[in-house]
Amino acid sequence: MSDKQIRWLMVLTAIFWSGAFITGKIAVGEFPPFALTFFRFLFALPFIFVIFYIKERGNLLPRGKQWLALILLGVIGTFCYHALFFTSLKYTTAINSSLIGAINPMVTTLLAAMFFSERLTPLRVMGVILSFSGVFLFITNGDLTLISQFQFNKGDLIMLIAVCCFAVYALLSRRYMKQYSLSPLMVTAYTFLICVVISIPFVLWEKPATYLFSATASGWLSILYMSVFASVLGYLIQMVAIQRIGAPRTAIFINLVPVFTIIQSVIILGESITLFKLIGAAIVISGVYLATRPEPRINNLKSVM
């Protein structure tokens with residue numbers, strides 16, 4: 001699979017994740033945070049393990065130090081990120097959470113340069129900044145007065161921690177896949193399983209009897225969508241992308257999520273779209289292209305020499 005194909009698959013993943021934003025809004029009104037995390041990945045387990053069994057039948061069980069790497073990834077990137085994300089939605093606004101989520105590529109890029117010795121080129125920095133600027137314009141609709149309305153609360157802090165967890169998860173995934181010979185399928189399958197196991201005591205603490213019997217079909221279908229498309233397909237494609245093009249370049253595609261969220265809102269919910277949103281979308285796409293395009297071959301040769 002070529003790098004170009006990987007980039008197109010990450011665009012598809014951004015579409016899946018944007019759909020999860022809409023379905024997540026539905027589900028969060030019916031389920032508490034740990035329950036959402038638990039059921040999202042519980043429903044995903046049969047799908048991902050069937051794919052895992054078909055593709056890697058001779059490599060089903062982790063060995064030795066692979067377990068420690070998978071447990072760490074499962075705790076940080078699957079359990080912590082989603083539990084924190086769903087919790088933050090209880091306290092913060094859509095504008096705040098969208099803006100904080102959009103800094104994920106910048107956090108990933110900076111952490112990669114500071115702690116993982118990844119080269120930070122001016123073009124990639126420009127792409128990240130341009131992409132974030134487009135997200136800001138897209139979300140605020142060009143209304144700069146919204147900056148004065150941005151109030152930092154504990155929900156924002158929780159979301160910021162969630163973003164950091166996801167950035168660390170993305171960077172560690174690439175290192176561990178190389179260091180411990182882990183396949184993207186194994187990482188995806190076992191981090192899901194670890195997340196489900198860790199979630200059990202927290203789900204019991206939330207008293208399931210208080211919400212399970214009142215949950216609607218829309219709530220359950222929303223979780224099922226997040227399980228199959230945002231989790232199984234989304235995480236699997238992301239792992240392949242991290243392995244091939246690196247965590248910072250993979251993370252920049254997260255900035256496409258608000259763009260596709262608005263597009264789906266227009267199509268599904270009948271919401272309107274403005275000129276500022278179209279301009280913002282164009283800036284985001286330009287930034288994603290600059291930040292993820294292959295470097296000139298001469299640079300690659302220099303890094304080898």
Heavy-atom closest pair, residues [X] and [Y]:
{"X": "Gly24", "Y": "Met226", "result": "CA-SD, 3.9 Å"}
{"X": "Val187", "Y": "Met177", "result": "CG2-CG, 3.9 Å"}
{"X": "Ala247", "Y": "Leu171", "result": "CB-CD2, 3.5 Å"}
{"X": "Tyr211", "Y": "Glu206", "result": "CE2-O, 3.8 Å"}
{"X": "Ile76", "Y": "Cys165", "result": "CG2-O, 3.3 Å"}
{"X": "Arg174", "Y": "Gln243", "result": "NE-O, 4.1 Å"}

Rounded to the nearest 0.5 Å, what separates atom [atom1] in [X] from atom [atom2] in [Y]?
{"X": "Ile48", "Y": "Ser231", "atom1": "CD1", "atom2": "OG", "result": "9.5 Å"}
{"X": "Arg249", "Y": "Arg244", "atom1": "CZ", "atom2": "CZ", "result": "12.0 Å"}
{"X": "Arg175", "Y": "Leu73", "atom1": "CZ", "atom2": "CG", "result": "12.0 Å"}
{"X": "Ile161", "Y": "Leu84", "atom1": "CD1", "atom2": "CG", "result": "6.5 Å"}
{"X": "Arg63", "Y": "Ser181", "atom1": "CZ", "atom2": "OG", "result": "8.5 Å"}
{"X": "Leu60", "Y": "Met186", "atom1": "CG", "atom2": "CE", "result": "7.5 Å"}

| task | Using side chain to side chain contact (heavy atoms under 4.5 Å, CB included) as the criterion, point out the one residue from Ile200, Val196, Ile194 that pairs with Ile198. | result | Ile194
| Does Phe41 offer a backbone N or O that forms a donor-acceptor pair with the side chain of Ser227 under 3.5 Å? | no
| said: Tell me if a side-chain donor or acceptor on Glu56 pairs with a main-chain N or O of Leu185 at a distance below 3.5 Å. | reply: no
| task | Determine, using ring centers only, whether Tyr235 and Phe192 are less than 6.0 Å apart. | result | yes
| message | So that I know where these two stand, are Trp220 and Phe31 an aromatic pair - ring centroids less than 6.0 Å apart? | response | yes
| field | Parallel, tilted or perpendicular: rings of Phe166 and Tyr81 (30°, 60°) | value | tilted
| said: Parallel, tilted or perpendicular, judged at 30° and 60°: which one describes the rings of Phe16 and Phe229? | reply: tilted
| message | Applying side-chain contact (heavy atoms from CB on, under 4.5 Å) to His82 and Leu36, what does each step give before you reach the verdict? | response | CA-CA 8 Å; His82 287 89; Leu36 273 177; over 6 Å; no
| query | Is there a side-chain contact (heavy atoms from CB on, under 4.5 Å) between Thr13 and Phe253 once you walk through the steps? | reply | CA-CA 9 Å; Thr13 298; Phe253 286 92; over 6 Å; no
In one Ile/Leu/Val/Met/Phe/Trp/Tyr side-chain cluster, 4.5 Å: [X], [Y]:
{"X": "Phe49", "Y": "Tyr53", "value": "yes"}
{"X": "Met114", "Y": "Tyr169", "value": "yes"}
{"X": "Ile245", "Y": "Leu12", "value": "yes"}
{"X": "Phe43", "Y": "Ile26", "value": "no"}
{"X": "Val75", "Y": "Leu42", "value": "yes"}

| message | How about CH2 on Trp67, more than 12 heavy atoms from neighbouring residues, nucleotides or ligands closer than 6.0 Å, or not? | response | yes
Would you check if [X] and [Y] make a side-chain contact, meaning some heavy-atom pair closer than 4.5 Å?
{"X": "Phe38", "Y": "Phe79", "result": "no"}
{"X": "Tyr190", "Y": "Leu182", "result": "no"}
{"X": "Trp8", "Y": "Gln5", "result": "no"}

| request: Step by step, work out the side-chain contact (heavy atoms from CB on, under 4.5 Å) result for Phe85 and Val28. | output: CA-CA 11 Å; Phe85 169 69; Val28 79; over 6 Å; no
| field | Candidate pair Ile51 and Thr188, rule side-chain contact (heavy atoms from CB on, under 4.5 Å), full reasoning | value | CA-CA 11 Å; Ile51 298 171; Thr188 305; over 6 Å; no
| task | Test Glu30 against Thr216 for side chain to side chain donor-acceptor pair (under 3.5 Å), laying out the working first. | result | CA-CA 8 Å; Glu30 301 187 25; Thr216 66; 2.6 Å; yes
